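Here is the structure we will look at.
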Amino acid sequence: MKNVSRTAAGRLRQAARQTLRRLARFFPGLFASPLGRSVRTLHLSACMVYLFFLLLLLTQLFGFYVYLPVLGELYSTDFTFLCLIVLAGASLVYSVSITKRVHLSFRFAPQILCFLALMLLEIPVTWLIVRQPIHLIAKEAVYYFVPPLCFFALLQYPEIRQRDFLPRLLRLIVLFSIVSSAVALIAFSLYSLAEINLLQVTVTSALIRNGSIRLKVGGIVLYTGLIISMVRVLERNAGRADAVNLILGLIHVVFVSKTRTVVLYLAAVFFLVMMTEKKTHWLVKLLFLFLSAALLIFAFILSDSLTPALYSYLYGDAGFVVRLRAISHYWEQFLAHPLTGIGLISSSKSIAGWQLLYGPAGQYYRSDVGLIGLINEFGLLGLIWSLWFLFGSFRAAGRSGSPMARTVKSLLLYLTVGLINLSFLDPGRCMYLFLIYTFLETMPGQKTGPGRFP
């Protein structure tokens, strides 16, 4: 049976290689492009196929999942996590049936087990506070079991121990980032010019900003890909695919998704990484320091004029005012239950208790208030775990100045800065845990310890 499985996998790889050769023969321009060359260097394997479909699901099929029968009717988050559970389960069955053994990593086991224990604790806590149906509370908890499950499934592939695995994974993420931005730009153009709703989004007032529609494609894959390319540029190791990724990605973020805070966070990460990068010329660093100091002095001198203008701008922004009210709403709830927060409240507005989650008028979202939303949901226990994860992961990346280590640290820096209003522990972003654990586990140069890939 083992030999049959290996023969089938070998035939699959051979068929894939033949398909790529035929494409190169009939469309030589395809593989002459930066995108095509990146595809050729990914080396098709069962592990890369697993990661390909995992990233595809994280982008919700680049937004096209809505065209699927039955599954297209699900909420985007439910679709993503349901399919990830099926994918990780199938991957586990496949890999274990071939290797006849289960690989474990004890490096992150204490942290992951504490995280899962916290999620299990939140189920009865939520029920005692909100009294919602227990199966709906458990459904909210299931989202947080998916990142460890996907990571466990990945551990079963011996390929992740190869030194070139992580570079190949980073290239794959960049490719998905490019495609996400391209799809978003095409969908935005079609809707703006011909009112063709390619991604079948429900157009409401919340999706209109500055007179045009807002579209988000790619999610965490897009932002991770941008950070990867950003680090490569600063390391002077970028290719044309990285240039394409950054150009399309910035247009996507600024003009299509119109996510102002993400633009600021990416700019902050770029500035901090650039200032600490040894390959950045000292004159460039000096110039940026001078400009930063000049802006601070300028703001201080004109503070009497700037402060009222800034105050007027912020309080004239309806979104900002709603967030301030949401912070007050969630902070009061946290003070009532500081240790565990109020827990995993169902996102359905048809269930009693939804006002605790969305506010009396249904305008508040915990995912929009960052750290406040995190402690409202998980309390001080969740805050302690989050700090453990961030600082522990930063330390695990080591003091190495390698591009891989700097990529991981830059992503962690983005998650930390983003806590101002974007919590990485909400369902839409918790798969960052999978990405960080995967990067750290497969980083070249990491030492193997007891219980880890001997």
Side-chain angles (χ1 to χ4, degrees), residues 13 16 20 34-59 62 84 87-88 91-92 94-95 103 105 107-108 146-180 218-233 235 237-239 241-242 244-246 249 393 396-398 400 402-412 414-415 430-446 448 452-453:
R13 287 193 292 269
L20 290 175
L35 190 65
R37 284 200 297 274
S38 296
V39 171
R40 280 191 301 179
T41 59
L42 294 178
H43 307 308
L44 185 66
S45 63
C47 181
M48 295 308 293
V49 168
Y50 167 66
L51 289 169
F52 174 89
F53 282 105
L54 186 145
L55 294 174
L56 187 62
L57 292 174
L58 287 180
T59 65
F62 301 110
L84 284 175
L87 175 66
S91 176
L92 277 170
Y94 168 79
S95 54
H103 291 282
S105 172
R107 186 181 183 198
F108 305 110
V146 174
L149 174 64
C150 292
F151 179 61
F152 179 60
L154 181 66
L155 290 176
Q156 308 314 307
Y157 292 99
E159 180 182 341
I160 70 172
R161 288 171 275 176
Q162 298 175 2
R163 291 186 60 83
D164 69 335
F165 171 79
L166 184 54
R168 286 188 284 131
L169 173 57
L170 297 184
R171 283 196 292 270
L172 185 61
I173 293 174
V174 168
L175 288 177
F176 270 84
S177 179
I178 292 173
V179 176
S180 297
I220 69 173
V221 178
L222 169 70
Y223 302 130
T224 304
L226 289 176
I227 290 172
I228 292 169
S229 293
M230 184 190 304
V231 172
R232 286 178 178 172
V233 168
E235 290 276 348
N237 191 33
D242 295 299
V244 171
N245 182 35
L246 288 174
S393 298
S400 168
S402 69
M404 304 302 170
R406 295 188 69 82
T407 298
V408 176
K409 292 177 181 179
S410 299
L411 183 56
L412 288 167
Y414 171 76
L415 297 183
C430 67
M431 281 298 288
Y432 275 121
L433 304 184
F434 166 81
L435 292 175
I436 292 295
Y437 285 139
T438 297
F439 293 166
L440 291 174
E441 185 70 29
T442 61
M443 188 184 301
Q446 295 287 356
T448 58
R452 280 193 66 214
F453 304 131

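Please read these numbers as outputs of a predicted model, since none were measured by experiment. We count residues from 1, following the sequence as given.
- Here Arg161 does not pair with Glu441 in a salt bridge; the nearest charged N to carboxylate O distance is not below 4.0 Å.
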Taking it one step at a time, do Cys47 and Leu51 satisfy side chain to side chain contact (heavy atoms under 4.5 Å, CB included)? CA-CA 6 Å; Cys47 181; Leu51 289 169; 4.3 Å; yes

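- Between Ser180 and Thr59, the shortest heavy-atom contact is OG-CG2, 3.8 Å.
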Could you walk me through whether Leu54 and Phe434 pass the side chain to side chain contact (heavy atoms under 4.5 Å, CB included) test, one step at a time? CA-CA 11 Å; Leu54 186 145; Phe434 166 81; 3.7 Å; yes

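- No side-chain heavy atom of Val221 sits under 4.5 Å from any side-chain heavy atom of Leu435.
- Of the inter-residue distances, the one linking Leu55 atom CG with Met48 atom CE reads 8.5 Å to the nearest 0.5 angstrom.
- A donor-acceptor pair is defined here as one N or O able to donate and one able to accept, closer than 3.5 Å; no such pair exists between the side chain of Ser229 and the backbone of Leu226.
- Residues Pro167 and Arg232 share a closest heavy-atom pair of O-NH2, 4.3 Å.
- Thr224 and Ile220 make their closest contact through OG1-O, 2.7 Å (heavy atoms, listed as atom of the first residue, atom of the second, distance).
- Summarising the geometry of Thr407 relative to Ile227, their closest heavy-atom pair is O-CG2, 4.3 Å, with the distance given to 0.1 Å.
- The backbone N or O of Leu411 lies less than 3.5 Å from no partner atom in the side chain of Tyr223, so there is not a single donor-acceptor pair.
- Residues Met431 and Cys150 form a side-chain contact, since some pair of their non-hydrogen atoms from C-beta on lies under 4.5 Å apart.
- Side-chain contact between Leu166 and Thr438 is absent, with no heavy atoms from C-beta onward closer than 4.5 Å.
- Using modelled atom types, one finds no donor on one side chain facing an acceptor on the other under 3.5 Å when comparing Gln156 with Ser91.
- In this structure, Phe52 has its ring center closer than 6.0 angstrom to the ring center of Phe176.
- Side-chain contact between Tyr50 and Ser95 is absent, with no heavy-atom pair separated by less than 4.5 Å.
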Please lay out, stage by stage, how Arg171 and Ile228 fare under the test side chain to side chain contact (heavy atoms under 4.5 Å, CB included). CA-CA 9 Å; Arg171 283 196 292 270; Ile228 292 169; over 6 Å; no

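- The CG atom of Leu149 lies 9.5 Å from the CG atom of Leu87; values are rounded to the nearest 0.5 Å.
- Note: Leu412 CG to Ile436 CD1 = 4.0 Å, rounded to the nearest 0.5 Å.
- When atom types are taken as modelled, the side chain of Arg107 and the backbone of Leu440 share a donor-acceptor pair closer than 3.5 angstrom.
- With values rounded to the nearest 0.5 angstrom, Ser105 atom OG is found 5.5 Å from Leu155 atom CG.
- Between the side chain of Asp242 and the backbone N or O of Met230, no donor-acceptor pair lies under 3.5 Å.
- Closest approach of Phe165 to Glu159, counting heavy atoms only: CB-O, 3.7 Å.
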Quick one, Phe152 with His103, criterion side chain to side chain contact (heavy atoms under 4.5 Å, CB included). Give me CA distance, side-chain angles, the key distance, then yes/no. CA-CA 8 Å; Phe152 179 60; His103 291 282; over 6 Å; no

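- Heavy-atom neighbours of Phe62 CZ from other residues, nucleotides or ligands within 6.0 Å: above the threshold of 12.
- Shown here for Val174 and Gly225, the closest heavy-atom pair between the two residues is CG2-O, 4.1 Å.
- Ring geometry, Tyr437 versus Phe108: the interplanar angle falls from 30° to 60°, so the pair is classed tilted.
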